Protein chains: 2
Amino acid sequence: MAQYSAQLDDVFVALADPTRRGVVRRLGSGPASVGELAGAFPMTLPSFMKHVRTLESAGLIRTTKAGRVRTCVLNRQRLAVVEDWLAEQRDIWQQRTDRLEQFVTEEENSP
Amino acid sequence: MAQYSAQLDDVFVALADPTRRGVVRRLGSGPASVGELAGAFPMTLPSFMKHVRTLESAGLIRTTKAGRVRTCVLNRQRLAVVEDWLAEQRDIWQQRTDRLEQFVTEEENSP
DNA sequence: CGGATAGTTAGCGCAAGGGCTAACTATCGG
DNA sequence: CCGATAGTTAGCCCTTGCGCTAACTATCCG
């Protein structure tokens, strides 16, 4: 529950684009080359590559190059950053409802 | 598990900024006026208001104006959009590991 | 070797994002 | 009614994001 703010920023920014979410989704089913991935999106390769780099520097994917083909794999770990943030939100909200309950109880005891 | 893409985009974009995440976090503890919220961030009111509007049009918060003060409340429901997306990712990944297990099993049976 | 394939680099254009100031409106409180 | 308070609107600036073309590098294969 730390103050990941930098990571958090990169990850949310990376996911704030439909193309990049599409890549994450696709990679969920297993690794793929840049070319394979790019085929699913209506843009040129250089444009697509930028998305790949964004995802990689956010840590959401990892890539390796073998011969002339670069293979991308999902780094599921990184999605935990989002999960943790959501969990934190739930906690905060929970604390609030706890306070509300306590307040109501106190009111009942001293009306 | 539909194709929310538009909503999803708005919500992720909204959360891709530390100021806006800060507001969401703060509102988790209960409603607050624009002025109260703005006090926590190093920027002018007009700038801050843009973030409020972004959050509101993404559906993450709701605001109402009484007299001269506008009060903001968190719309927790909307965070479910993110939760659902994450759940979907987990599903996809799960399907993959299922296939892998099946593959391994088949290999064992016919070596 | 030589052509096809798979990325990569460089640079450009445009729209959007996020911040600011200045000036205005609309309460509220005395 | 008047001054202070709480937002709001308008417009400007600058950076970043995202898409494109053109040209280049680096394999792979026959």
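Just so we're on the same page: letters track the sequence lines, and every chain starts at 1. Remember, predicted model here, so these are calculated numbers, not experimental data. For the numbers below, each heavy atom of this structure counts, side chains included, while hydrogens, waters and symmetry mates do not.
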What about B:Met43 and B:Val34, same hydrophobic cluster or not, with Ile/Leu/Val/Met/Phe/Trp/Tyr joined at side-chain heavy-atom distances under 4.5 Å?
yes
Give me the atom names and distance for the closest heavy-atom approach of [X] to [Y].
X	Y	value
A:Leu27	A:Cys72	CD2-O, 3.5 Å
B:Pro31	A:Arg96	CD-NH2, 3.9 Å
A:Ile92	B:Gly28	CG2-C, 3.7 Å
B:Asp17	A:Asp9	C-OD1, 4.4 Å
A:Arg70	A:Lys65	NH2-CD, 3.7 Å
A:Leu8	A:Trp85	CD2-CD1, 3.6 Å

Between protein and nucleic acid, restricted to nucleotides 18-22 of chain C and to nitrogen or oxygen atoms under 3.5 Å apart, what atom pairs and distances do you find?
from, atom 1, to, atom 2, distance (Å)
C:dG18, OP1, B:Arg20, NH2, 3.3
C:dG18, OP2, B:Arg20, NH1, 3.1
C:dG19, OP2, B:His51, NE2, 2.3
C:dG19, O6, B:Lys50, NZ, 3.0
C:dC20, OP2, B:Thr44, N, 2.8
C:dC20, OP2, B:Thr44, OG1, 3.0
C:dC20, OP2, B:Ser47, OG, 2.8

Could you check how far [atom1] of [X] sits from [atom2] of [N], rounded to whole Å?
X	N	atom1	atom2	result
B:Glu56	D:dT8	CD	C1'	14 Å
A:Phe41	D:dC20	CZ	P	14 Å
B:Asp9	D:dG17	CG	C1'	14 Å
A:Leu37	C:dG7	CG	P	9 Å

Going by an N to O cut-off under 4.0 Å, is there a salt bridge joining A:Arg90 and B:Glu83?
yes
Any N/O pairs under 3.5 Å between the protein and nucleotides 28-30 of chain D? List them or say none.
from, atom 1, to, atom 2, distance (Å)
D:dC28, O4', A:Arg68, NH2, 3.4

Verify the neighbour count for atom CZ of A:Arg26: are there more than 12 heavy atoms of other residues, nucleotides or ligands below 6.0 Å?
yes
Counting N and O atoms only, with roles assigned by atom type, does the side chain of B:Asn75 sit under 3.5 Å from a partner on the main chain of B:Gly59, one being a donor and the other an acceptor?
yes
Under 3.5 Å: donor-acceptor pair, side chain of A:Arg21, backbone of A:Leu15:
yes
Terminal axes of the helix from C:dC1-D:dG30 to C:dG30-D:dC1 (5 end pairs apiece), angle rounded to 10 degrees, sit apart by 30°
Taking OP1 and OP2 of C:dT9, is either one under 4.0 Å from a side-chain nitrogen or oxygen of A:Arg53?
yes
